[in-house]
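Small disclaimer: the values here were computed from a predicted structure and weren't measured. Every chain is numbered from 1, with letters handed out A, B, ... down the list of sequences.
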Amino acid sequence: MIDIKFIRSNVDAVRTAIRNKNEKADLDAILTLDENRRKLQFDFDNLKSHQNSVSATIAAKKKAKEDARVELAEMSKAAEAIKQISAALNAANFELEKALLTIPNLPQPEVPVGLDESFNEVMKYWGEKPNFAFEPKDHLEIANQNGFLDLPRGAKISGSGFPIYTGKGAKLERSIINFMLEYHLQKHGYEELMVPLAVNRKTMTGTGQLPKLEEDMYHIDLDDLFLIPTAEVPVTNFYADEVLSYKDLPKCYAAYTPCFRREAGSYGKDTKGLQRLHQFNKVEMVRFVEPETSATALEEMLANAEAILQAFGLHYRVLSLCTGDLSFASQRTYDLEVWAPGMQKYLEVSSVSNFGEFQARRANIRYKDKEGKVRHLHTLNGSGLATPRLMIALLETYQQADGSFRIPAVLQPWFNIKL
RNA sequence: GGAGAGUUGCCGGAGUGGUUGAACGGGACGGUCUCGAAAACCGUUGUAUCUUUACGGGUACCCAGGGUUCGAAUCCCUGACUCUCCGCCA
């Protein structure tokens, strides 16, 4: 959420940001609501102030056993007016709050301006596209040949997009998750969190999924709970409504969770194999930092995510997302795209974002700085990484001429773990 | 799911419907003292919002939302959460 005071004094900047992000938000309506609210607040305060002082007089007179009927009569009427204006003020605050939730975060100045993904900037490439002495197969063929996946039965049980990993495939998936998670814990200093997979409405609003993305999420009507689309949601809200100390910062958490996405509106797009799923596994990194350090933290988290791909020896590239491709809540985002030699394309496996104080403001996460001032902190998160497309890249990169799959060296200890 | 108890400031813990932003204790911070520290003593210890160039001032906030009242931390209703007991269950 953007501070209303900031909006008030930076109308043009906010307007531009909304346009560049292809968002719809009625800024003028918000300014009017704000105007109205402040007027009501002013009136309410004055009436209350008067009421308080007269009430004190009544109290004093009663104590002195004097007649207070004049005051009581006046206050009886005033109370009615206060009740009305109080209701109006509450409504105004509610409306403004609701409207403010539809304003996206402002992109940082470094973010390339552009309508869609074609304006994203490639920051760098790492490694090389692998060469094969044979025609590389796509991951689905490799998976099927080796008995790693059973997508038809997943579809039977739940629907398309709910994969079943079978036998060695399941173990491979689990090895990947364990490896990535431990890597972040041991080499990058993150602390592990195991979190709820179903969260309430307030939590979803805190990180910015609501109100915009309600259609993209699985919802349990009976309890008004949502299945998380990413661990970012429960992990970032870990500190909702709390005030931390600057001494506690930065806080760095990593969490493995399944993620659930309805992918509404993307039917028929990239559906082959594991490219786009309703349920998938992901290790997520989240940081809570002092505002001054969030830019550096973003670069570190990007490096943390890259380290995984490098450990796997996979060719990838880093993109800086343009304004039109930035998420609603993000100020600046890097995407990691891994090369899938069978499908001959780059696939997004990670998104690393700096949200500034946007989420902290929504979720009410603050900290007390060195001067003792209470401020909103900054939040960041990054996938480290999402498994399905990583699995695609691994299967396709480490396939052998006979269609078998060679477990990458770094995964061997995790895959061949002995009791 | 049924029955009961509770939710006050950083923490513990008072609080009769009328100077209660909230006693008291602890912690933390600043100061005096000291070579330094401890102890002791003195002081400080909110958040939001409106207004003001500023100093300051107003208002709200004792889990949340309603209600009663001239006036509510204090009375009533609803909800959330925590704890105890019973039932059910991985």
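Ion pairing between Arg366(A) and Glu242(A) fails under the 4.0 Å rule for side-chain N and carboxylate O. Taking the charged nitrogens against the carboxylate oxygens, Glu396(A) and Lys137(A) have no contact shorter than 4.0 Å, which rules out a salt bridge. Arg37(A) and Asp34(A) are joined by a salt bridge, as a carboxylate oxygen and a charged side-chain nitrogen come within less than 4.0 angstrom of each other. Between Lys5(A) and Asp3(A), none of the side-chain N atoms (NZ, or NE/NH1/NH2) sits under 4.0 Å from a carboxylate O, so this pair counts as no salt bridge. Looking at Arg261(A) and Asp216(A), no side-chain N of the basic residue comes within less than 4.0 Å of a carboxylate O on the acidic one, giving no salt bridge. Using a 4.0 Å cut-off between charged nitrogen and carboxylate oxygen, Arg15(A) and Asp28(A) count as a salt-bridge pair. Ion pairing of Lys21(A) with Glu23(A) is absent here, as no side-chain N (NZ or NE/NH1/NH2) approaches a carboxylate O to less than 4.0 Å. Look at Asp369(A) and Arg375(A) and you find a salt bridge, because one of the NZ, NE, NH1 or NH2 atoms lies within 4.0 Å of a carboxylate O, short of that distance.
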Secondary structure of RNA chain B in dot-bracket form (Watson-Crick or G-U wobble, distances below 3.5 Å, | marking inter-strand pairs): ((((((((.[[[..)..(.....]]]((((((.......))))))((((((....)))))).[[[[[..)....]]]]])))))))....
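Considering only side-chain N and O atoms, Asn90(A) lies under 4.0 angstrom from the phosphate OP1 or OP2 of G66(B). Contact between the side-chain N/O atoms of Gln51(A) and the OP1/OP2 oxygens of G71(B) is found at a separation under 4.0 Å. Contact annotation: Asn52(A) reaches the phosphate of U59(B) (side-chain N/O to OP1 or OP2, under 4.0 Å). Note on Arg366(A): a side-chain N or O is less than 4.0 Å away from OP1 or OP2 of A48(B). Between Arg37(A) and A48(B), a side-chain N or O to OP1/OP2 separation shorter than 4.0 Å is absent. Applying the 4.0 Å criterion to OP1 and OP2 of C70(B), one finds that Ser55(A) has every side-chain N and O outside that range.
Between the C1' atoms of C77(B) and C85(B), the separation comes to 26 Å (whole Å). Spacing of C1' atoms, G21(B) relative to C10(B), comes out at 16 Å, to the nearest Å. Here, C89(B) and A48(B) have their P atoms 50 Å apart, quoted to the whole Å. Across U78(B) and C24(B), the matching P atoms stand 37 Å from one another, rounded to whole Å. With both ends at atom C1', the span from C33(B) to G18(B) equals 45 Å, rounded to whole Å. One C1' atom belongs to G6(B), the other to A60(B), and the distance between them is 26 Å to the nearest Å. C11(B) sits 15 Å from A23(B) when the P atoms are compared, rounded to a whole Å. The C1' atoms of U84(B) and C76(B) are separated by 26 Å, rounded to the nearest whole Å.
Within 4.0 Å of Ala56(A), counting heavy atoms only, lies no atom of the nucleic acid at all. Nucleic acid contact class of Lys62(A) (heavy atoms, under 4.0 Å, all strands): base. Glu74(A) comes within contact range of no nucleotide atom at all, as no heavy-atom separation falls under 4.0 Å. The residue Asp43(A) sits apart from the nucleic acid: no heavy atom pair falls under 4.0 Å. Among the heavy atoms of the strands lying under 4.0 Å from Lys83(A) are primed sugar atoms or P, OP1, OP2 only; no base atom is included. In this structure, Val243(A) reaches neither bases nor backbone, as no heavy-atom distance under 4.0 Å exists between it and the strands shown. Within 4.0 Å (heavy atoms only), Lys39(A) reaches no atom of the nucleic acid at all. The residue Arg201(A) sits apart from the nucleic acid: no heavy atom pair falls under 4.0 Å.
One atom, CG of Asn93(A), and another, P of G65(B), lie 12 Å apart when rounded to the nearest Å. Note: CZ (Arg38(A)) to C1' (U52(B)) measures 14 Å, nearest angstrom. Protein atom CG of Leu33(A) is 17 Å distant from nucleotide atom P of U49(B), rounded to whole Å. Atom NZ in Lys202(A) sits about 20 Å away from atom P in G79(B), given to the nearest Å. Separating the CD atom of Glu97(A) from the C1' atom of A48(B) is a distance of 12 Å, rounded to the nearest angstrom. Distance Leu40(A) CG to U59(B) P: 18 Å, rounded to the nearest Å.
Ranking U49(B), G18(B), A60(B) by closeness to the Ile58(A) side chain, first place goes to G18(B). Residue Lys48(A) places its side chain closer to A60(B) than to any other of A60(B), C50(B), C70(B).
Comparing Glu71(A) and Lys5(A) against RNA chain B, the residue whose closest nucleotide sits nearer the 5' end is Lys5(A).
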I'd like to know whether Glu300(A) forms a salt bridge (Lys or Arg N to Asp or Glu O under 4.0 Å) with Arg287(A), so could you lay out the CA-CA distance, the side-chain angles of the two residues, the decisive distance to 0.1 Å, and finally the verdict. CA-CA 11 Å; Glu300(A) 287 172 8; Arg287(A) 291 197 190 191; 2.6 Å; yes
